[in-house]
Amino acid sequence: MNLFGMIDSSGSAMQAERMRAEVVTANMANAETTRTPAGVPYRRQHVVFAAGDGDQNFAGQFSGQLSGQLGSSSQMNGVHPVPLPGSANAAPGVHIAGVVEDTAPPLKRYDPSHPDADAEGYVAYPDINPLTEMVDLMGATRAYGLNASAVQAEKSMIASALEIAK
């Protein structure tokens, strides 16, 4: 993987963590929502991450880099070249596979004066724990910050390499 591929990986992770933070804040904002447009209590949402495919074949990357320098492929012991890093699917990364609803049943609280109370006086509230949501938000914020630091370090390495080349 080249340096720009590393920036792409960190960038995709930053996008995924931003989406995770947005979902967590939506969960916290709707922690007391007893009726959605569908007529049911809000359900907690989760972000599901998936790894990008990328080009994980080191021998293929190595042969692709050296194919022009060595001449014939017979000198490379039968290793076949593959697309170089920087092509469409060479840089592995993170993407959002989906946002799924929590399957936990709503919490029942006794409040007969609430407009959404059932015949027995219970109101269905979302099963959202603010402490859990804050921990998730802190994790997303920390991961975003670490990826931003990685991008800055990569930019610094590129700048240093350019200074050496002068």
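Reckoned from all heavy atoms, side chains included, excluding hydrogens, waters and symmetry mates.
Residues Leu107 and Pro126 share a closest heavy-atom pair of CD1-O, 3.9 Å. Of all heavy-atom pairs spanning Ala140 and Glu17, the tightest one is CA-OE1, 3.3 Å. Contact detail for Arg20 and Gly139: the closest heavy-atom pair is NH1-C, 3.9 Å.
Going from atom OG1 of Thr141 over to atom CZ of Arg18 covers 13.0 Å, rounded to the nearest 0.5 Å. Rounded to the nearest 0.5 Å, atoms CG (Asp8) and CD (Glu154) are 9.5 Å apart. For the atom pair CD1 (Ile96) and CD (Gln15), the distance works out to 8.0 Å, reported to the nearest 0.5 Å. Separating the CE atom in Met14 from the CG atom in Leu146 is a distance of 10.5 Å, to the nearest 0.5 Å. Distance check, rounded to the nearest 0.5 Å: NE2 of His114 to CZ of Arg35 gives 8.5 Å.
Within the 3.5 Å criterion, the main-chain N or O of Ile7 finds no donor-acceptor partner in the side chain of Ser10. Proximity of a side-chain donor or acceptor of Thr132 to a complementary backbone N or O of Ile128 within less than 3.5 Å is not detected. In terms of modelled atom types and a separation under 3.5 Å, the side chain of Asp127 and the main chain of Pro106 share no donor-acceptor contact. For the pair Ser149 (side chain) and Gly145 (backbone), a donor-acceptor distance under 3.5 Å is present.
A heavy-atom distance below 4.5 Å is found between the side chains of Asn27 and Gln45. Contact check for Tyr125 versus Thr33: no side-chain heavy atoms found under the 4.5 Å cut-off. Counting only heavy atoms from C-beta outward, the side chains of Asp102 and His46 approach each other to under 4.5 Å. Side-chain contact between Tyr42 and Glu101 is absent, with no heavy atoms from C-beta onward closer than 4.5 Å.
Met19 and Phe49 fall within the same hydrophobic cluster, defined by Ile, Leu, Val, Met, Phe, Trp and Tyr side-chain heavy atoms under 4.5 Å apart, directly or through other members. There is no path of hydrophobic side-chain contacts, each under 4.5 Å, that joins Val24 to Val99.
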Where do Met28 and Met134 land on the side chain to side chain contact (heavy atoms under 4.5 Å, CB included) test, with the steps shown first? CA-CA 9 Å; Met28 292 181 69; Met134 285 303 297; 3.5 Å; yes
Between Arg44 and Glu133, is the salt bridge (charged side-chain N to carboxylate O under 4.0 Å, His left out) condition met? List the steps. CA-CA 10 Å; Arg44 182 175 187 246; Glu133 298 302 320; 2.3 Å; yes
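For Arg109 and Glu32, the salt-bridge test passes: some basic side-chain N is under 4.0 Å from an acidic carboxylate O.
Screening Asp116, Asp111, Val40 for a side-chain contact (heavy atoms from CB on, under 4.5 Å) with Thr34, the sole residue that qualifies is Asp116.
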